[in-house]
Number of protein chains: 2
Amino acid sequence: MSHTLGIRQAQKQKTRQALLDAALGLLEEQSLSSLGLREVTRAVGVAPTAFYRHFRSTADLGVALVEEALGSLHPMIRTTVSGTGDPEERVARAIELIARHVDGYPAHVRFIARERHGGVQPVREAIRDQLSRFAREVKDELAKDPESEGWTEDDLLMLAHLYVDQMLITASLFLEALEGPEEGREERKREVARVAARQMRLIGLGRHHWLD
Amino acid sequence: MSHTLGIRQAQKQKTRQALLDAALGLLEEQSLSSLGLREVTRAVGVAPTAFYRHFRSTADLGVALVEEALGSLHPMIRTTVSGTGDPEERVARAIELIARHVDGYPAHVRFIARERHGGVQPVREAIRDQLSRFAREVKDELAKDPESEGWTEDDLLMLAHLYVDQMLITASLFLEALEGPEEGREERKREVARVAARQMRLIGLGRHHWLD
DNA sequence: CCATGCAGTTAACAACTGTTCTCTGGAATT
DNA sequence: AATTCCAGAGAACAGTTGTTAACTGCATGG
């Protein structure tokens, strides 16, 4: 179904991706609101004016980065929440998945955590929308669970938001563990996983007794 | 005990405070990493070089803002967690307190939420330290509760962190509710309070059944 | 009362920013 | 084969930035 792009469009997308990659790199030590367009083009090796062929502004680029960072994550979320096995094992599996994602895409995770409450409104909104989508998807998945019998839609959604926020906090903690020196990094990661697992377990307990 | 400052020191502190206030205002629509020193001095009405008499850099000013925003909050935290009454009422009281704080100091709350994962390392660290202090204080307060009998220190601390993070999320949501148009603002705030209360209640349930 | 200290000023610097306009070379279309 | 299109280059713009140096005037301490 995918129509092969012409040489022209292919080259354009390549530069566009290079701009996104360079920006993501530069954003490891600053916020989007201080990211300059010239800074990005310099890092890529193109003229400043080339930027305008792809984005209206750095805020616009930021919105594109949100799509890149979160857009492809929806299938993963679904499979994380659902799945079989005893609760303890499911929690461990979910946290392991988060840890792997942070390991694989640390810059994306950092970007989302940073700009979720950052200084650029359109980007904040884009992230909020994506996270709301996540919450709704988690809710739908929770609804299938036999444990959710008797739950209102409203209560399921509030639990889903709790889970999503908790995932983000955990991801951010894994990132911090990654940031320090190599020495003891694995241990720091294990400690984060340990605490996160117990928090998830406690939330799971609250869920179990919700209808009492 | 407080020694009356000389005219000189008093005037200095006054400009210093003016710089902090102006910065906090400017930070409502951008992040600290893009805040310029000239921008701040211009807003206050002093020469750019005057800035250096008070702060080494905008990052340094940011650290001072963390102290201002969170330093005076410790007594409040303690009384929020402790206190008597049935659980339902305590939850409602805690959320009411958060709502009031956000109403009274929206710029401070925004600053903390924004810079907690922001682009300026020393500021992130300062916030992390303060929040860790909060968590330890909450833990100490939880330890006094009869419900905490049989809990390990470790488990109490993980619960405390859960509470602190939850408070921050709730505060940030109240802030969002405040940001839109006047129309329906009260309703948005009530909705935030409603969801937050149920999440706190669920966590409280998990806490109650932790030792099962 | 006089000398010192120091908060804030003034002026100047090189470097940087976003944005506009004009141009070019090669892919795409006819 | 001739024409159109368009991603990217180049140069120039006015305005901004952080930092330095030398200054001024006034509160302070001897």
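Computed from heavy atoms alone, side chains included, the values below leave out hydrogens, waters and symmetry copies. Quick note on labels: first sequence line is chain A, next is B, and so on, each numbered from 1.
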Exercise for the section: Show your reasoning for whether side chain to side chain contact (heavy atoms under 4.5 Å, CB included) applies to B/Phe51 and B/Val46. Expected result: CA-CA 8 Å; B/Phe51 187 92; B/Val46 299; over 6 Å; no
Exercise for the section: Go through B/Arg124 and A/Glu176 one step at a time and tell me if the side chain to side chain contact (heavy atoms under 4.5 Å, CB included) criterion holds. Expected result: CA-CA 11 Å; B/Arg124 280 201 310 267; A/Glu176 275 184 38; over 6 Å; no
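In this structure, B/Arg56 reaches neither bases nor backbone, as no heavy-atom distance under 4.0 Å exists between it and the strands shown.
Salt-bridge formation is detected for the pair B/Glu191/B/Arg194: a Lys NZ or Arg NE/NH1/NH2 atom is positioned less than 4.0 Å from an Asp or Glu carboxylate oxygen.
Applying the side chain to side chain donor-acceptor pair (under 3.5 Å) test to B/Glu153 and every residue at least two apart in sequence or in another chain returns B/Lys139. Evaluation of the side chain to side chain contact (heavy atoms under 4.5 Å, CB included) rule for A/Ile112 yields A/Ala69, A/Leu70, A/Ile127 as partners, not counting sequence neighbours. Taking the side chain to side chain contact (heavy atoms under 4.5 Å, CB included) definition, one finds that A/Arg93 meets it with A/Arg90, sequence neighbours left out.
Considering CD of B/Glu67 and OG of B/Ser72, their distance stands at 8.5 Å, rounded to 0.5 Å. Within the model, atoms CD of A/Glu137 and OG1 of A/Thr80 stand 11.0 Å from one another, a figure rounded to the nearest 0.5 Å.
Rounding to whole angstrom units, CZ of residue B/Phe55 and P of C/dA7 are separated by 13 Å. In this structure, A/Leu61 places its CG atom 12 Å from P of C/dG18, rounding to the nearest Å. Note: OH (B/Tyr52) to P (D/dA22) measures 17 Å, nearest angstrom. C/dG18 atom C1' lies 11 Å from atom CZ of A/Phe51, rounded to whole Å. The separation between A/Glu39 atom CD and C/dA15 atom C1' is 14 Å, rounded to whole Å. Nucleotide C/dC16 holds its P atom 18 Å from the CG atom of B/Leu37, rounded to whole Å.
In terms of heavy atoms, B/Val192 sits closest to B/Leu173 at CG1-CB, 3.8 Å.
A distance-only check finds a donor-acceptor pair linking the side chain of B/Thr152 to the backbone of B/Asp155 [under 3.5 Å].
Taking the ring axis of B/Trp210 as reference, the NZ or CZ atom of A/Arg198 does not stay both within 45° of it and closer than 6.0 Å to the ring centre.
Consecutive Watson-Crick or G-U pairing (both distances under 3.5 Å) extending over three or more pairs maps onto DNA chain D as C:1-12 with D:19-30, C:14-17 with D:14-17, C:19-30 with D:1-12.
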Handout entry: Footprint string (nucleotides 24-30 of chain D, 5' to 3'): B base within contact, S backbone only, - free, heavy atoms under 4.0 Å
Key = -B-BS--
Fill in the blank from the handout: Reading nucleotides 8-14 of chain D from 5' to 3' and marking B where a protein heavy atom lies under 4.0 Å of the base, S where only the sugar-phosphate is that close, and - otherwise, the string is BBBBB--
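A close approach under 4.0 Å does not occur between any side-chain nitrogen or oxygen of A/Arg42 and OP1 or OP2 of C/dG18.
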